[in-house]
Amino acid sequence: MLTKQKWQEALSRRHGRETQNKFENATVAICGLGGLGSNIAISLARAGVGTLILIDFDKVDITNLHRQQYKASQIGMDKTDALKENLLEINPFINLIAYNVMLDENNVFQYVKDADIICEAFDKAENKAMLVNCVLDSFSDKKIVSSSGMAGFGDANEIKTTRINERFYLCGDRKSDVNFCASLVSARVMLCASHAALKILQIIKET
Amino acid sequence: MITINGDEYESEMTGKTIKEMIDTLKFDERTIAVELNEDIISKNNYSNQVLKDGDIVEVVSFVGGG
């Protein structure tokens with residue numbers, strides 16, 4: 001029978017007990033549960049991050065299945081509910097806090113204040129800018145990992161992680177806009193999501 | 001000399017506010033974050049913060065998708 005202790009031991013064998021303890025004690029807020037956010041959540045859950053705050057207002061749509069970590073059987077469900085189900089199937093011991101809300105500059109603080117690291121995973125450029133500016137303004141101690149530019153079928157090697165300053169990291173190619181590329185492909189979006197998830201895990205590991 | 005996104009400006013940006021710089025260089029204020037000497041400048045201060053010689057600015061422009 002799978003127990004929390006066995007789960008933690010299995011993870012400790014993969015990345016060491018000290019790292020496992022750090023991951024277990026970390027709280028990450030994932031703002032947006034689409035192509036980026038759902039993939040980042042899965043990576044963090046598999047790595048053993050203890051608490052995820054999941055924030056999205058949207059429902060699972062058939063066009064999401066192309067790149068987002070939802071199933072056909074979940075079409076019509078709130079993304080928060082569907083992703084919680086999927087994450088608990090992977091890591092039954094993870095602590096999940098879900099908010100079915102649309103974030104704006106007036107409510108960001110209350111929903112992310114308990115997170116150590118905030119992950120920006122929205123799809124609109126204006127909302128990305130809003131969240132990054134809000135988080136860096138409202139908190140002096142929290143870090144934000146954001147993503148920009150993952151559309152199209154361009155070169156995978158153009159997806160990068162850049163340190164903008166000690167609290168702000170940016171993943172993506174910083175130029176491929178979905179509105180101009182008119183396409184998204186799962187593999188490229190997941191590549192950007194992996195960059196973000198890895199950066200979040202690195203930050204936790206280095207604290 | 002003021003450096004903005006790696007480009008050097010001898011004097012034409014000196015004394016301009018962040019807001020004036022954004023308008024001159026045609027950035028879209030809604031989709032950017034502005035870093036001045038490693039600190040992100042709050043949007044409330046775009047019209048107050050004045051650029052001076054030696055400043056290093058990075059304007060991060062977000063694009064859509066995710």
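A note on names: the letters A, B, ... follow the listed sequences, proteins ahead of strands, and every chain is numbered from 1.
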Item to check | chain A contact via B:E38 - side chain, backbone, both or neither, heavy atoms under 4.5 Å | outcome: both
Checklist entry - Are there more than 12 heavy atoms of other residues, nucleotides or ligands under 6.0 Å from atom CE of B:M13? => result yes
Item to check | Toward chain B, the part of A:F168 with a non-hydrogen atom under 4.5 Å | outcome: side chain
Checklist entry - Under 3.5 Å, is there a donor-acceptor pair between the side chain of A:N64 and the main chain of A:D61? => result yes
Checklist entry - Does the pair B:R30/B:D28 count as a salt bridge with the N-to-O cut at 4.0 Å? => result yes
Next on the checklist: For A:I164, which atoms come within 4.5 Å of any heavy atom of chain B: side chain, backbone, both, or neither?
Outcome noted: both
Next on the checklist: Looking only at heavy atoms and a cut-off of under 4.5 Å, which of A:V189, A:L170, A:L36, A:N133 has the most pairs with chain B?
Outcome noted: A:N133
Next on the checklist: Test your reading of the model: is there a side-chain donor-acceptor pair from A:S148 to the backbone of B:V63, 3.5 Å cut-off?
Outcome noted: yes
Checklist entry - With distance as the sole test, does A:Q68 use its side chain to make a donor-acceptor pair with the main-chain N or O of A:L65 at under 3.5 Å? => result no
Checklist entry - Checking heavy atoms, do the side chain of A:R163, its backbone, both or neither come under 4.5 Å from chain B? => result side chain
Item to check | Proximal component of B:I40, with respect to chain A [non-hydrogen, under 4.5 Å] | outcome: both
Checklist entry - Do A:K142's NZ or CZ and the ring of A:F139 fall within the cation-pi criteria of under 6.0 Å and 45°? => result yes
Checklist entry - With chain B, which of A:N179, A:T162, A:D137, A:N127 has the greatest number of heavy-atom pairs at distances under 4.5 Å? => result A:D137
